[in-house]
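Just so you know, residue 1 is the first one in the sequence shown, and it goes up from there.
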Amino acid sequence: MNDGGAKPETLLMVAEIGGRGRSLVAAQSLRAGQVILRESPLLLYSAFPFLSSSVSPYCDHCFRLLASSAHQKCRSCSLVSFCSPNCFASHTPWLCESLRRLHQSSSSAFSDQPSDRQVQARFLLSAYNLAAASPSDFQILLSLQGSGSSNGDPSSSSATDSAAAGFLHSLLSAVCPPLPVPISPELTAALLAKDKVNAFGLMEPVSVSDEKRSVRAYGIYLKTSFFNHDCLPNACRFDYVDSASDGNADIIIRMIHDVPEGREVCLSYFPVNMNYSSRQKRLLEDYGFKCDCDRCKVESSWSEGEEDENEVMEEMENEDEEEEMEDLDGENVEEVCGNGVDDESNFPHAYFFVRYMCEKENCFGTLAPLPPKTHDASRVLECNVCGSLKEDEVGGNQ
C-alpha cells in the first residue's frame with residue numbers, strides 16, 4: 001500500500017503531554033490518507049466463547065475466513081481449524097491439550113459466569129502460550145499500560161476484575177497441563193488488566209442482513225496501544241483480515257485529515273456517533289479515565305434534552321450544513337476537525353459527521369481518504385468498518 005511519503009516509523013514520536021501521559025505526536029506534517037503505522041499483532045485470540053452454539057468459521061491463528069474446502073482441523077482437540085500449515089504450526093501441544101480440557105469442563109466451570117469470562121480464558125491461554133514460545137514478547141506484553149487498579153473511583157469495576165482474575169487463575173491452574181510459566185493470582189490479574197485496555201477487536205465480515213457486526217478475534221498491538229483517545233479523532237484504524245496477502249491481521253492507521261508537526265495523533269476507541277454520557281461511561285468502565293477532549297467540554301454543558309447525539313446532529317446538519325460547507329475551505333479543515341477549537345460554543349460536530357461518518361445504515365464507521373499517490377490528497381474516502389468508498393465532495397472542491 002502506497003503511503004505517499006516517508007516510512008511510518010519516521011512519522012510519529014512518543015511524547016509526554018500534561019494530563020494525557022504518554023502520547024504519539026506527529027514528527028512531521030501528516031497528510032490526509034497517509035498511512036502512519038502498519039503493525040503486526042503481538043498476540044491474537046478468538047472472541048468465540050467455549051460454550052458458543054456455533055463453530056468458529058475462522059482460522060484460529062490469523063482469523064481469516066476459512067474456505068469451505070481448504071482448511072485443516074486439529075485432530076487432537078477437534079476444536080480449532082487453520083487455513084494453512086503455517087498457521088497450524090502455531091497450535092502447540094500445550095495449547096491443544098489446554099483447550100481440550102477446558103472445553104470438557106466448560107459446561108460446569110462457566111455455568112454461573114458471564115460469557116466474556118470464557119473469552120478472557122482464551123486470552124490467558126494465548127498469553128501463557130506466548131510466554132513459552134517467546135519470553136521476550138511476553139515481557140513486552142507485561143510492559144503495556146494497565147495495572148488493574150481502581151484509580152480510587154467508586155464506580156470502578158476493580159472488584160469484578162479481581163473476582164474474574166481469582167476465578168480464572170484457579171480454573172486454569174486446576175484444569176490445564178503444567179503451565180509453561182510460573183503463574184500467580186497477581187500475574188493473572190496483571191495480564192487481564194493489560195488485555196482490558198489494550199486489545200483491539202477484529203470484526204466479522206460485513207453482512208447486509210446483520211444490524212450489528214460481532215468481533216471475531218482480539219489482538220494486542222504494541223505501538224498502536226500508544227495512541228490516546230479523542231472523541232473527534234484525526235486518525236482511524238483499518239484492518240483487512242480476509243485479504244489473501246501475508247500480514248492479513250496487521251492493523252493500519254491512516255490520517256483522516258492533515259495535521260501539523262507536533263500535534264497529537266488520536267484514535268477514537270469506539271464509534272464517534274455515541275452520545276456524551278455513553279462515551280464517558282464506556283471510557284470510565286473500560287479504560288479507567290474521564291474524557292476531557294474539546295468535544296466533551298462542549299457536550300458536557302448541553303442540557304439533558306440535547307443528550308441524544310443523533311437528534312442533535314440531525315438538527316445541526318439541517319440548519320448549518322449548507323452554510324458550513326460554504327464557509328469551511330481547504331485552508332482550515334484540519335483546524336476545525338478535532339485539532340483545536342477557538343470557539344467551543346460553535347464546535348463543528350456537524351461538519352465532521354457529514355464528511356467523515358459512513359452513510360450506510362447501522363455501519364457507524366469513520367471515513368478516511370485513500371493513501372495519496374501524488375502530492376494531492378485522494379478524493380476517495382474509505383469506511384474503516386464496511387469498506388465502502390465515497391467521493392469526497394468537499395475535498396474535491398479544494
Practice item. Carefully, step by step, assess Ile253 and Leu267 under the rule side-chain contact (heavy atoms from CB on, under 4.5 Å). Key: CA-CA 9 Å; Ile253 309 297; Leu267 307 176; 3.9 Å; yes
Point to revise | Student check: side-chain heavy atoms of Pro233 and Val272 closer than 4.5 Å | key: yes
Point to revise | Contacts of Tyr45 that satisfy ring pair (Phe, Tyr, Trp, His ring centres under 6.0 Å) - sequence neighbours left out | key: Phe123, Tyr218
Point to revise | With Val385 via side chain to side chain contact (heavy atoms under 4.5 Å, CB included) - residues at least two apart | key: Arg213, Cys363, Cys383
For residues 241-252, run the donor-acceptor check on the side chains, cut-off 3.5 Å, and write out each pair with its distance to 0.1 Å, sequence neighbours left out.
from, atom 1, to, atom 2, distance (Å)
Asp242, OD1, Leu65, N, 2.7
Asp242, OD1, Arg216, NH1, 3.0
Asp242, OD2, Arg216, NH1, 3.4
Asp242, OD2, Arg216, NH2, 2.9
Ser243, OG, Tyr240, O, 2.8
Ser243, OG, Ser245, OG, 3.4
Asn248, OD1, Arg64, NH2, 3.4
Asn248, ND2, Cys62, O, 3.3
Asn248, ND2, Val241, O, 2.6
Asp250, OD1, Ser40, OG, 2.8
Asp250, OD2, Arg38, NE, 3.1

Review point. Can you pull the salt bridge (charged side-chain N to carboxylate O under 4.0 Å, His left out) pairs that have at least one residue in residues 100-114, sequence neighbours excluded?
Key: Glu97-Arg100, Glu97-Arg101
**Study point:** ring pair (Phe, Tyr, Trp, His ring centres under 6.0 Å) contacts touching residues 174-193 (sequence neighbours left out)
**Key:** none
Point to revise | Modelled atom types, side-chain donor and acceptor of Ser84 and Asn86, under 3.5 Å | key: no
Check your understanding: Who passes salt bridge (Lys or Arg N to Asp or Glu O under 4.0 Å) against Glu382, sequence neighbours left out?
Key -> Arg254
Check your understanding: Hey, does Phe364 have a side-chain heavy atom less than 4.5 Å from the side chain of Met274?
Key -> no
Review point. Remaining members of Leu389's ILVMFWY cluster at a side-chain heavy-atom cut-off under 4.5 Å?
Key: Leu370, Val380
Review point. Between Phe226 and Leu42, is there a shared hydrophobic cluster once you connect ILVMFWY residues whose side-chain heavy atoms come closer than 4.5 Å?
Key: yes
Study note, to complete from the structure: Residues passing the salt bridge (Lys or Arg N to Asp or Glu O under 4.0 Å) test with Lys281, sequence neighbours excluded, are Glu285
Check your understanding: What distance do His103 atom NE2 and Phe110 atom CZ have between them, rounded to the nearest 0.5 Å?
Key -> 10.5 Å
Check your understanding: Which residues satisfy the side chain to side chain contact (heavy atoms under 4.5 Å, CB included) test with Ala32, sequence neighbours excluded?
Key -> Asp258, Pro369, Ala377
Practice item. Under the salt bridge (Lys or Arg N to Asp or Glu O under 4.0 Å) rule, collect the residues that match up with Lys390, sequence neighbours excluded. Key: Glu359
Check your understanding: Under 4.5 Å between any side-chain heavy atoms of Leu30 and Asn234, yes or no?
Key -> no
Practice item. Would you check if Tyr128 and Leu191 make a side-chain contact, meaning some heavy-atom pair closer than 4.5 Å? Key: yes
Check your understanding: Tell me, which pairs form a ring pair (Phe, Tyr, Trp, His ring centres under 6.0 Å) where one or both residues lie in residues 74-96, sequence neighbours left out?
Key -> Phe82-Phe88, Phe82-His91
Review point. What closest approach, in Å, do Ala164 and Gln120 show between heavy atoms, and which atom pair accounts for it?
Key: CB-OE1, 4.0 Å
Check your understanding: Does a donor on one side chain and an acceptor on the other come within less than 3.5 Å for Tyr276 and Ser301?
Key -> no
**Study point:** Ser225 and Phe227, any side-chain heavy atoms less than 4.5 Å apart
**Key:** no
**Study point:** Ring geometry between Tyr351 and Tyr356 (parallel below 30°, tilted from 30 to 60°, perpendicular above 60°)
**Key:** perpendicular
Point to revise | Test salt bridge (Lys or Arg N to Asp or Glu O under 4.0 Å) applied to Arg22 - qualifying residues, sequence neighbours left out | key: none
Point to revise | Spatial distance of atom CG (Asn273) from atom CZ (Phe352) [nearest 0.5 Å] | key: 11.0 Å
